[in-house]
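Following: one structure in structure tokens, then a few remarks.
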Amino acid sequence: MANNYYDAADLRKFGKITEWSEELGEKFFDYYGKVFEEGALSAREKSLIALAVSHVVKCPYCIDAYTKDGLEKGITKEEMMEAVHAGAAIESGATLVHGVQMMNKYNKLSM
Amino acid sequence: MATKSLKARHNRLAENNTQLDILNGGVFADGELPYFKDKIENIGKFPLRPKKLEILQINVGYMCNQVCAHCHVDAGPDRKEIMTRETMRQCLEVIKNTGAHTLDLTGGAPEMNPDFRWFVEEAAQAGIEDFIIRSNLTIIRANKKYYDLPEFFKKHNVHVISSMPHYTRGKTDKQRGNGVFDKSITALQDLNAVGYGMPDSSLRLDLVYNPSGAYLPGNQTAMERDFKKALIEDFDIRFHNLFAITNLPIARFLDYLIASENYEDYMYALVEAYNPAAVENLMCTNTISVGWDGWLYDCDFNQMLDLKVASKVKHIKDYNEDVLNDRNIVVSQHCYGCTAGAGSSCQGSVTE
């Protein structure tokens, strides 16, 4: 067994999660597949969203998968990096906006 | 980026048997992944049999002015294999008598064969419905003697299918060499200028997209939409259709996969994307591929692996369509490349 938490080869085995819970696994993959179909948003746009979210949730499997997916869809590296920055901006903004709570609390407790 | 072919570099992958050993070994030999033959046997398609012949594809030589990183032909300026006029005459006899509706000239850069124009002039008289020439585009701008190719193509009403890896300079040049993008754009504008690719024009101009790396092509329709938008907006270039083609693990692309440690992942991706619906329309089922020296193959990929047709008729000089149609198509692990996703052929996807 690999002596680390993440193994890139495990991504290939993702589909095997259905083996231990077929019904829920299949429902998940049906839903997942449907989400990424062309819709009001293009599959290309959804791929960039998925790439940004992959970074925000810090999922190395997802980053590998959606970098590859982006390449398959002809997305350029510049577009990919802009998507990552968009995710990073929201993530850091989400941290910073809590600064307002800190300021509120600070002001309430201070004379 | 290498500037010589595998053959000129004496790379071990220049040997067909070495490539076949790699393709049949590793993850396939140890049973981790199923053999292609077993996959199609499961759907009752083995042995794979030809349908009515529709396309005669002729490779007039491996010489090319480019040394693309992904080239399954291992073509380049150092490749001297060129079809002779004698073999061309044998091909012309077949072209005149075949029931195939499409003639597809490929290479290398087919235009570099010294008898190319003679062959096109002769073949154009044969009444073939769709006469394709696969041009790498840059040859049109490589030398003054090629500048009139758009007019020449127009004169003989040939259908031009051109390689264009991406609508951005970076991706194109990385796969095909520095300066290729700019020359390709100029060549496309030259083709547009004589009428090729215009929406209502009968002068057909299609582009071929293949991935610049170890991944599969995306949806062909979506890629075509993106290419059209970018090429019109940035360069005022028009074309008809985009064909998305999967890179097969052969020759220089196989060399790249191994060197970049992507080989195993790529084979997994191909097998995982195996689409049984694509088997029905595999190009080997309606095509005969003729090598520069006249030997016959089920497809261009088998040609590069020297897997000749499994038939008594093996050479263009002995061509007999009835005998050839009664054969089993030769398959190996590289065939997964043509059944992945929407399927892949020289005319792009085979299921959409």
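Every chain is numbered from 1 and lettered A, B, ... according to where its sequence line falls, protein lines coming before strand lines. Computed from heavy atoms alone, side chains included, the values below leave out hydrogens, waters and symmetry copies.
Electrostatic pairing of B:D265 and A:R12 counts as a salt bridge here, judged by a charged N lying under 4.0 Å from a carboxylate O.
A:L11 CG to B:Y268 OH: the interatomic distance, rounded to the nearest 0.5 Å, is 12.5 Å. Put simply, CG on B:D226 and NZ on A:K73 are 11.0 Å apart, with the number rounded to the nearest 0.5 Å.
When all heavy atoms of B:A269 and A:K68 are compared, the closest pair comes out as CB-NZ, 3.7 Å. Here the closest non-hydrogen pair linking B:H166 and A:T76 is CE1-CG2, 3.9 Å.
By the 6.0 Å contact criterion, CD on B:E261 is open, its count of non-hydrogen atoms from other residues, nucleotides or ligands being 12 or less. For A:I90, the CD1 atom counts as loosely surrounded, since its 6.0 Å shell holds 12 or fewer non-hydrogen atoms of other residues, nucleotides or ligands.
Taking the side chain as every heavy atom from C-beta outward, B:K171 and A:L71 approach each other to under 4.5 Å. The closest side-chain heavy-atom distance from A:E38 to B:N219 is not below 4.5 Å.
Looking at B:F227, neither its backbone nor its side chain comes within 4.5 Å of chain A, counting heavy atoms on both sides. Contacts of B:P211 with chain A are absent, with no heavy-atom separation under 4.5 Å from either backbone or side chain.
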